[in-house]
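Convention: sequence-line order gives letters A, B, ...; per-chain numbering from 1.
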Number of protein chains: 2
Amino acid sequence: MGSRSYRQFCSVSKALDLVGERWTLLIVRDLLAGAMGYSALLEGLPGLTTNLLAKRLKDLTAAGILEKRPAPTGETCKALYALTEAGVALGPIIGALASWGKEHGPAPEPTDSLNFRWVLILLGRHFVPDGPRWIVQLDCAAKSLQLRLGTPKFEGVEGTPMTPDLIISADPKAYYELLFESTAPESLLESGAVKLTPGTAGDPPLPIWKDFIRSFQLDQPAPTPST
Amino acid sequence: MGSRSYRQFCSVSKALDLVGERWTLLIVRDLLAGAMGYSALLEGLPGLTTNLLAKRLKDLTAAGILEKRPAPTGETCKALYALTEAGVALGPIIGALASWGKEHGPAPEPTDSLNFRWVLILLGRHFVPDGPRWIVQLDCAAKSLQLRLGTPKFEGVEGTPMTPDLIISADPKAYYELLFESTAPESLLESGAVKLTPGTAGDPPLPIWKDFIRSFQLDQPAPTPST
DNA sequence: CGGCATCCGTCATGATACTG
DNA sequence: CAGTATCATGACGGATGCCG
């Protein structure tokens, strides 16, 4: 509800009337990588309290930005919150915020929390299709991310792939440095911050790693969107 | 100050740490069209109180998003607040919000306030360069906006041009309908909501009006930015 | 335990008055 | 004109309780 609307004849303020409150765009950011249950959302957003999450979910549902639907059988939760078409359309806003924050935002601190979903968003913005079709598994803090490289459309979901071609493992900070280019990819390998494990087919890991770097342009500066 | 930082290892949250608070992005939006004084900002943002504006300006200055500089002689105010390079770089975020709000935001209400600066932002996002080089004056509620069409770079400032080729006058609501395509441009002319006056050179107004419509693609849907 | 609702303390915000 | 000071209110952070 726009109980505290700006009441301006301007679409920027109308957008902020719906998504301008605290935590709202961060909830949308996490849902951009796929539908989530209530507890998963809460766990992924440290500092957000349960009462406020309930209110945000209710308001966002009323605004038509997300919808609550029954979870498929076998899920650990009962209901999933998923973005509607209008919610997915918030992607460019999240993307523009990510670009600006990366360039002009405050530097991250070691105590900052890191969520694997946020990695997906970053990767999706850098993806270059039509490379070799590797399946890469990212491991971080007992969680896994499954990436399908080389496909026309970027695919990445949480979980372990059946037949990975390469397994990359690192701690959150190393992933952050890799994705934010504060460190060159090669030096992360040399320092041991990032470890490579051959996949099930047993291919040598280094060429696949180079394709991974190239697929997400991790050795180049991020593109700046136009106005 | 990020006194209430999200503390997440994510550039989206880092951006919101600086510009996520209430009113902040609306201040930036207004400054995107040019530097403004304190009182002009306050007047253009109904509902924002003077103490909060002072705090926002202080915080944004500390964050390096805008800078306070002495006003040029002849100005009505003493100091101007101008966006820094980092502040101008927020443009794509404002643009993405404008696109989304236009498509998915709540409908405007007749009591909403309208600021001529917001028109400039909308026009800038739709501009197609290299048409005929007309100078068009927009009149609305005792204020004037000066647009230079056809130049490679879009130019628009508040004030009255010396030699307009066409003067368009309408009330705020008609401008909004024109810019937001809820009504076709032709019908706004026919209904008398928009009035055309020949400029100093005395050219017939209708062809220049059609160039104006074409220059800002006001008869076409807005382009949707990519993720 | 997942999915909230309630209660309370604190802080950000809104309204008004006042000052250099 | 360009803010600062003061106070009231509502939003938010934290803990806990309820209900399937």
Exercise. In whole angstroms, how far is the C1' atom of D:dG13 from the CZ atom of B:Arg7?
Worked result: 14 Å

Exercise. With respect to B:Leu42, which candidate in B:Thr49, B:Thr50, B:Leu52 satisfies the side chain to side chain contact (heavy atoms under 4.5 Å, CB included) definition?
Worked result: B:Thr50

Exercise. Passes side-chain contact (heavy atoms from CB on, under 4.5 Å), B:Leu138 versus B:Leu123? Steps please.
Worked result: CA-CA 12 Å; B:Leu138 300 185; B:Leu123 288 177; 4.2 Å; yes

Problem set entry | Rounded (10°) bend between the five-pair end axes of the helix from C:dC1-D:dG20 to C:dG20-D:dC1 | 20°

Pairs: protein N or O with nucleotides 6-8 of chain C N or O, under 3.5 Å:
unit_1 : atom_1 : unit_2  : atom_2 : d
C:dT6  : O4     : A:Asn51 : ND2    : 3.4

Please table the atom pairs, donor to acceptor, closer than 3.5 Å between any side-chain atom in residues 65-81 of chain B and protein atoms at least two apart or in another chain.
none

Problem set entry | Distance below 4.0 Å between B:Tyr81 side-chain N/O and D:dG3 OP1 or OP2 | yes

Problem set entry | Between D:dG10 (C1') and B:Glu21 (CD): distance, integer Å | 16 Å

For this session: May I have the step-by-step check of side-chain contact (heavy atoms from CB on, under 4.5 Å) for A:Leu41 and A:Leu31, ending in yes or no?
Result: CA-CA 8 Å; A:Leu41 273 169; A:Leu31 290 177; 4.1 Å; yes

For this session: State which residues pass salt bridge (Lys or Arg N to Asp or Glu O under 4.0 Å) with B:Glu43; sequence neighbours excluded, sorted by chain then number.
Result: none

Problem set entry | Parallel, tilted or perpendicular: ring planes of A:Phe154 versus A:Phe216, cut at 30 and 60 degrees | perpendicular

Exercise. Taking only residues two or more places apart in sequence, or in another chain, which ones meet B:Arg117 in a salt bridge (Lys or Arg N to Asp or Glu O under 4.0 Å)?
Worked result: B:Glu158

Seminar exercise, completed: Here the distance between atom C1' of D:dA5 and atom NZ of B:Lys55, to the nearest Å, is 15 Å

For this session: Kindly say if B:Arg22 contacts the phosphate of D:dA11, meaning a side-chain N or O under 4.0 Å from OP1 or OP2.
Result: no

Exercise. If we ignore angles and hydrogens, is there a donor and acceptor under 3.5 Å between the side chains of B:Ser113 and A:Tyr6?
Worked result: no

For this session: Please assess A:Arg7 against B:Asp112 for the test side-chain contact (heavy atoms from CB on, under 4.5 Å), listing each intermediate value before the final yes or no.
Result: CA-CA 5 Å; A:Arg7 303 196 168 276; B:Asp112 290 347; 3.7 Å; yes

Exercise. Counting just side-chain N and O atoms, does B:Arg56 come under 4.0 Å of either OP1 or OP2 of C:dT13?
Worked result: yes

For this session: Take the protein atom CG of B:Leu52 and the nucleotide atom P of D:dG3, then report the distance between them rounded to whole Å.
Result: 14 Å

Exercise. Which of residues 25-39 of chain A have a heavy atom under 4.0 Å from DNA chain C?
Worked result: A:Tyr38, A:Ser39

Exercise. Could you state the NZ-P distance from B:Lys78 to D:dG3, rounded to the nearest angstrom?
Worked result: 9 Å

Problem set entry | D:dG13 OP1/OP2 closer than 4.0 Å to side-chain N/O of A:Trp23 | yes

For this session: Return no unless some side-chain N or O of A:Arg4 is found under 4.0 Å from OP1 or OP2 of D:dA11.
Result: yes

Exercise. At under 4.0 Å, does any side-chain N or O of A:Lys58 touch on OP1 or OP2 of C:dC4?
Worked result: no

For this session: Report the distance from atom CG of B:Leu53 to atom P of D:dG3, rounded to the nearest whole Å.
Result: 8 Å

For this session: Evaluate the side-chain contact (heavy atoms from CB on, under 4.5 Å) criterion for residues B:Leu196 and B:Ile168: first the C-alpha distance (whole Å), next the side-chain angles of each, then the deciding distance (0.1 Å), finally the verdict.
Result: CA-CA 5 Å; B:Leu196 305 182; B:Ile168 301 174; 3.8 Å; yes

Exercise. Out of curiosity, B:Trp118 CH2 to B:Leu26 CG, how far, rounded to the nearest 0.5 Å?
Worked result: 8.0 Å

Exercise. CG of A:Leu42 versus C1' of C:dG2: gap in Å, rounded?
Worked result: 11 Å

For this session: Look at the side chain of B:Thr24 and the backbone N and O of B:Gly20, then say whether any donor-acceptor pair between them is shorter than 3.5 Å.
Result: no

For this session: Can you tell me the distance, in whole Å, between the CG atom of B:Leu41 and the P atom of D:dG3?
Result: 10 Å

